[in-house]
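The chains referred to below are lettered A, B, ... by the order of the sequence lines, with proteins before strands, and numbering in each begins at 1. The shown structure was predicted, so the numbers you read here are calculated from the model rather than taken from an experiment.
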2 protein chains.
Amino acid sequence: MFDTIIIGKGPSGISAAIYLKRSNKNVLVIGKDNGSLYDGVVIDNYYGFPGGITGTELIERGVKQANELGIDVLHDEVIAIDKYEHFTVTTKKGVYEGKTVLLATGKPRTTLKIKGFQKYRGKGISFCVTCDGFFFRKKKLALIGYNEYMLHELKDMEFLTEDIQIFTNGNALTVDVDYPVVHEQITEITGDEDKATTIVTTNGSYDVEGIFIALGSPGAVEFATRIGAIVENTNIVVDDNFMTNIEGLYAAGDTVGGVLQVAKAAADGMHAAIAIKKQLKK
Amino acid sequence: MFDTIIIGKGPSGISAAIYLKRSNKNVLVIGKDNGSLYDGVVIDNYYGFPGGITGTELIERGVKQANELGIDVLHDEVIAIDKYEHFTVTTKKGVYEGKTVLLATGKPRTTLKIKGFQKYRGKGISFCVTCDGFFFRKKKLALIGYNEYMLHELKDMEFLTEDIQIFTNGNALTVDVDYPVVHEQITEITGDEDKATTIVTTNGSYDVEGIFIALGSPGAVEFATRIGAIVENTNIVVDDNFMTNIEGLYAAGDTVGGVLQVAKAAADGMHAAIAIKKQLKK
């Protein structure tokens, strides 16, 4: 059982980890990629780096800094976060338990840029089976995805209906599924005035009664939404202590909005760590 | 005329300078020393520095980073800040005009550790001739100080009274004055119930009707107080935009309170710069 599991190995996550570790807290950092600090990005407005520093180099320095303090930074991908008595974080490779969780995965990207997507978002298109599945029981459902994340959503979906079709949207399927799979690229989502009814692909069209998106990797917003945390305009809503409305679930950095800057992300992580430390004391 | 004059060359001041410069603002940084990031201090919780970094090295990197972006960082000491139509910043070596000023000088230290000082602070002991001088007109006044800062206060004091005595408190006098100078160290300040009346030194005691302190260098709090900005518990009070109650006068970093950490100071500087940029647009 970790005191805190931190999702994200960028400035916010690593800063939080450093502050918690130095307060003798048992922390684990799980990071998948460099997020918006990918290769090629040069940051020249973060204090302390004359001439700037590449995103990759900064991330690597942060991980090294954490490692040197004895913090484990796992290069793994989080598939799901659940809360029972404590938090359970499920990754591709394992399952971890934590008293608290900090979401620091950076700013989520738009998940699907296709015609009709924005129109039917929330009107037959959902991002979370656990959250919205209830309204789609016994229906004919489409699940858009191709990897472990999709598989995780699929398992939840099986409780709702047997009529499931997988749409990879042109991506290579990396997991085994027992349902029909449409490999074509999606070109449009159509429907009547208030509800999506059809997925149009490069090769045909498919009638559906509900569409669930589980493409790529879930971001902080997907985790937060699924667990019941309030999200506004793709920003996770937190209080002055960087805690969401879910006790013990924190978020910091780009994922809570504000200016998307390294200095702000690092300071967020620090502030969140100080607040988490206080909560753990209780 | 500068868009912004930044006092302090630490994480907060330099971060603000970088953000302003990158928005094509004409900024000047004036810094005196490394403040709390002096030699020997190692910071190992600031994101991006595996193994930690010394205070001196971090300050030097920051100044280099600013210089490389074309920002002038003057190694000079600010003696006074005044506001007429614009801000006038007076240093040991020059006078500079700015549309806005950012105070980022770090956390001020206690100014005088002698018996009776705390008791009579505000009761006959003042830190600002311009602020409180009115109540001491035609009185017998003591001015505690030894350098340019003291000289600046002295010039204001001459408008009030001719009965002035300088107390160096054991420091070497570095400026010329036309008033009697007491070189002895001060051991105590005594008085009646609600007012200081006597300065006791290692060599005697001196009756006074008012005592003004201008020792060492003025810090952000002294500048802020003198110009009429609200200070609470040695923290300069700022709004969400890091602006004091004085239009155009900003403060950021340790000087506004909160956790005294590099990450917070750097983020403060960034946020202040964004707010200043908006104000300059008006």
Approximate separation, where rounding is to 0.5 Å, of Gln261(A) CD and Ile274(B) CD1:
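Answer rounded to 0.5 Å: 6.5 Å.
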Heavy-atom closest contact ([X] atom, [Y] atom, distance):
X         : Y         : result
Lys64(B)  : Pro50(A)  : CG-CB, 3.8 Å
Met270(A) : Ala263(B) : SD-CB, 4.2 Å
Asp44(A)  : Gln65(B)  : O-NE2, 3.4 Å

Name the option with the most non-hydrogen atom pairs under 4.5 Å to chain B; the candidates are Ala266(A), Ala267(A), Gly52(A), Ala66(A).
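Maximum pair count with chain B is reached by Ala267(A).
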With only heavy atoms counted, which part of Ile53(A) is less than 4.5 Å from chain B, the side chain, the backbone, both or neither?
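It is neither, since no heavy atom gets under 4.5 Å.
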In this structure, are over 12 heavy atoms from other groups packed under 6.0 Å from Asp240(A) atom CG?
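No, CG of Asp240(A) has 12 or fewer neighbouring heavy atoms, counting only those of other groups under 6.0 Å.
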Residues, nucleotides or ligands: over 12 heavy atoms within 6.0 Å of Lys277(A) NZ:
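Atom NZ in Lys277(A) is not crowded, with 12 or fewer foreign heavy atoms closer than 6.0 Å.
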Please assess Tyr19(B) against Tyr47(A) for the test ring pair (Phe, Tyr, Trp, His ring centres under 6.0 Å), listing each intermediate value before the final yes or no.
CA-CA 10 Å; Tyr19(B) 274 85; Tyr47(A) 178 72; over 10 Å; no
